[in-house]
Number of protein chains: 2
Amino acid sequence: MTRWLDDDEQRAWRGYLHMQARLTARLNRQLQDDSGLSLADFAVLVELSEVAGGRTRVLALAEKLEWEKSRLSHQLNRMRARGLIDRQECPNDRRGAFVALTPQGRTTIEAAAPRHVETVREYLFDRLTPELVAALTDITDRVAARLAEDED
Amino acid sequence: MTRWLDDDEQRAWRGYLHMQARLTARLNRQLQDDSGLSLADFAVLVELSEVAGGRTRVLALAEKLEWEKSRLSHQLNRMRARGLIDRQECPNDRRGAFVALTPQGRTTIEAAAPRHVETVREYLFDRLTPELVAALTDITDRVAARLAEDED
DNA sequence: TCAACATAGATGACGCGTCAACTATTCCGG
DNA sequence: CCGGAATAGTTGACGCGTCATCTATGTTGA
């Protein structure tokens with residue numbers, strides 16, 4: 001009784017899987033080559049650079065990124081080892097900690113961002129019509145809505 | 001001189017990143033819970049189950065999957081340890097090897113496939129109109145074409 | 001024939017992501 | 001005020017993916 005995918009759905013699904021894998025790999029490599037960052041590093045640095053003082057609580061950061069706290073913890077360890085961020089004690093709540101951008105972290109993200117955006121544009125948006133951009137938004141919104149239903 | 005993303009592009013891009021991360025995680029978890037497989041396992045088993053005799057040369061498999069051979073090699077090691085596949089010597093070319101589905105591998109993929117497809121349908125295709133499915137195909141084709149230009 | 005090169009594939013190190021378990025602190029009801 | 005639950009965050013193990021390197025075999029051309 002399985003409802004298999006029809007031909008159009010097959011093409012869409014295989015196309016999606018293929019694009020997803022290649023695009024992610026491409027963006028990762030571009031960031032790595034140009035700035036020594038991974039996509040994960042980039043995501044963390046972007047969030048940090050957008051908060052006042054480049055400094056937040058770890059859990060607040062995890063929520064913004066929608067990452068599990070353990071994932072973030074591992075990531076922050078690696079980034080701290082490379083001098084991109086710093087940890088600071090939290091006096092109010094001594095269980096917690098602040099994460100802060102280091103000057104090097106800020107320099108790095110400011111240098112990396114323009115080239116990363118340019119790459120996203122080159123591979124994705126430069127190839128899409130405004131209608132397709134709207135369709136992409138629609139698709140992702142619908143799927144996100146379905147995914148959100150699980151989180152109850 | 002950076003051409004930043006405009007609002008519509010921002011929404012599309014953030015939506016894509018969000019959907020991509022969540023959908024992949026969801027599908028991985030479903031497969032893992034229902035069948036003890038990862039998406040990577042599943043991809044390998046699907047290809048193997050589609051070739052005659054459930055048996056191919058490693059490099060041919062890598063090409064079908066569009067995976068690097070080292071990635072595949074690691075993957076096959078893990079799968080062999082779990083009894084899903086088997087390695088066989090290649091008499092013609094003694095550098096090479098065949099990979100073969102084990103009976104257990106075949107049973108596993110045949111049990112896993114229907115539920116996996118059902119999940120893909122539930123999260124993706126059940127939420128999309130035929131127009132959006134067509135748009136998704138269009139988008140992925142365009143991006144794939146750009147990505148393919150690099151491989152010269 | 002034999003040295004150079006190409007090909008098939010394996011391996012080790014390291015970053016990434018998940019899960020389960022753990023520590024340390026804070027909160028809250030009796 | 002105290003004991004149990006909740007919260008903040010860490011840790012270790014393990015699968016996944018990439019890169020660089022290595023081994024063994026096959027191919028080719030002087």
Side-chain angles (χ1 to χ4, degrees), chain A residues 17 20-33 35-45 56-82 84-100, chain B residues 17 20-33 35-45 56-82 84-100:
Chain A
L17 290 178
Q20 198 258 63
R22 299 255 163 254
L23 185 58
T24 303
R26 201 86 193 68
L27 294 178
N28 238 318
R29 187 137 46 82
Q30 175 269 319
L31 263 177
Q32 189 64 53
D33 291 351
S35 314
L37 297 176
S38 66
L39 284 171
D41 297 332
F42 187 82
V44 169
L45 292 177
T56 355
R57 289 292 295 268
V58 172
L59 211 68
L61 186 52
E63 277 160 13
K64 273 203 174 191
L65 290 164
E66 299 184 82
W67 285 12
E68 291 185 14
K69 58 191 181 157
S70 119
R71 174 181 177 185
L72 182 55
S73 186
H74 285 301
Q75 181 69 34
L76 293 177
N77 274 329
R78 291 185 295 258
M79 292 178 73
R80 189 160 54 128
R82 288 185 294 138
L84 295 169
I85 57 144
D86 202 11
R87 263 170 216 287
Q88 294 161 7
E89 300 268 311
C90 175
N92 302 354
D93 185 341
R94 304 196 4 194
R95 295 167 299 183
F98 285 103
V99 208
Chain B
L17 290 178
Q20 198 259 62
R22 299 255 162 252
L23 185 58
T24 303
R26 202 85 193 70
L27 295 178
N28 239 319
R29 188 137 45 83
Q30 175 270 319
L31 263 179
Q32 189 63 53
D33 291 351
S35 314
L37 297 176
S38 65
L39 284 171
D41 296 331
F42 187 83
V44 169
L45 292 178
T56 355
R57 289 293 295 268
V58 172
L59 212 67
L61 186 53
E63 277 159 13
K64 274 203 173 188
L65 290 163
E66 300 185 82
W67 285 12
E68 291 185 13
K69 57 191 181 157
S70 120
R71 174 181 177 185
L72 182 55
S73 187
H74 285 300
Q75 182 68 34
L76 293 177
N77 273 330
R78 291 185 296 257
M79 292 178 74
R80 189 160 54 127
R82 289 185 295 138
L84 296 169
I85 57 144
D86 202 12
R87 262 168 217 288
Q88 294 162 6
E89 300 269 312
C90 176
N92 302 354
D93 185 342
R94 304 195 5 192
R95 293 167 301 183
F98 286 104
V99 209

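Throughout, protein chains are lettered first and strands after them, A, B, ... in sequence-line order, and every chain is numbered starting at 1.
Atom CE in M79(A) sits about 14 Å away from atom P in dT10(D), given to the nearest Å. With rounding to whole Å, N92(B) atom CG is found 10 Å from dG26(D) atom P. Rounded to an integer number of Å, the gap from CD of E89(B) to P of dA24(D) is 14 Å. Computed from coordinates, the F42(B) CZ to dG15(D) C1' distance equals 18 Å when rounded to whole Å. Rounding to whole angstrom units, CD of residue E68(A) and P of dT10(D) are separated by 14 Å. Rounding to whole angstrom units, CZ of residue R87(A) and P of dG9(D) are separated by 9 Å. The distance between atom CG of N28(B) and atom C1' of dG15(D), rounded to the nearest whole Å, is 10 Å. Distance, N77(B) CG to dC14(D) P: 16 Å, rounded to whole Å.
Here dC16(D) is the nucleotide among dT11(D), dG9(C), dC16(D) with the atom lying nearest to any side-chain atom of R78(B). In this structure, of dG9(C), dC16(C), dG9(D), it is dG9(C) that holds the atom nearest to the side chain of R57(B). Here the nucleotide nearest the side chain of R95(A), chosen from dG15(C), dG9(C), dT26(C), is dT26(C). Nearest nucleotide to the side chain of V58(B), out of dT25(C), dC16(D), dG9(C): dG9(C). Candidate nucleotides dT18(C), dG9(D), dA10(C) were compared by shortest atom distance to the side chain of S73(B), and dA10(C) ranks first.
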Which pairs of donor and acceptor atoms, one on a side chain in residues 20-28 of chain A, lie under 3.5 Å apart (sequence neighbours left out)?
unit_1	atom_1	unit_2	atom_2	d
Q20(A)	NE2	T24(B)	OG1	3.3
R22(A)	NH2	E66(B)	O	2.8
T24(A)	OG1	Q20(A)	O	2.8
T24(A)	OG1	Q20(B)	NE2	3.4
R26(A)	NE	Y123(A)	OH	3.1
R26(A)	NE	D150(B)	OD2	2.5
R26(A)	NH2	Y123(A)	OH	3.3
R26(A)	NH2	D150(B)	OD2	3.2
N28(A)	OD1	L39(A)	N	3.2

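For R71(B) and dT18(D), a side-chain-to-base donor-acceptor distance below 3.5 Å is absent, hydrogens and geometry of angles not being considered.
Residues A25(B) and K69(A) each lie close to DNA chain C; by heavy-atom proximity, the contact nearer the 5' end of the strand is made by A25(B). Heavy-atom distances to DNA chain C give each of S70(B) and L72(A) a nearest nucleotide, and the one nearer the 5′ end belongs to S70(B).
One finds a side-chain N or O of S38(A) lying less than 4.0 angstrom from the OP1 or OP2 phosphate oxygen of dC16(C). A sub-4.0 Å separation between OP1 or OP2 of dC16(D) and a side-chain N or O of Q75(B) is present.
Atom CZ of residue R57(B) and atom CD of residue E63(B) lie 11.0 Å apart, to the nearest 0.5 angstrom.
Applying the 5.5 angstrom centroid cut-off and the 30 degree plane-angle cut-off, the aromatic ring of H74(B) is stacked upon the base of dT11(C).
Proximity of V44(B) to W67(B): side-chain heavy atoms (C-beta onward) are separated by under 4.5 Å at one or more points.
Other residues, nucleotides and ligands place more than 12 heavy atoms under 6.0 Å from the CZ atom of R87(A).
Between Q32(B) and S38(B), the shortest heavy-atom distance links the atoms OE1-N, 4.1 Å.
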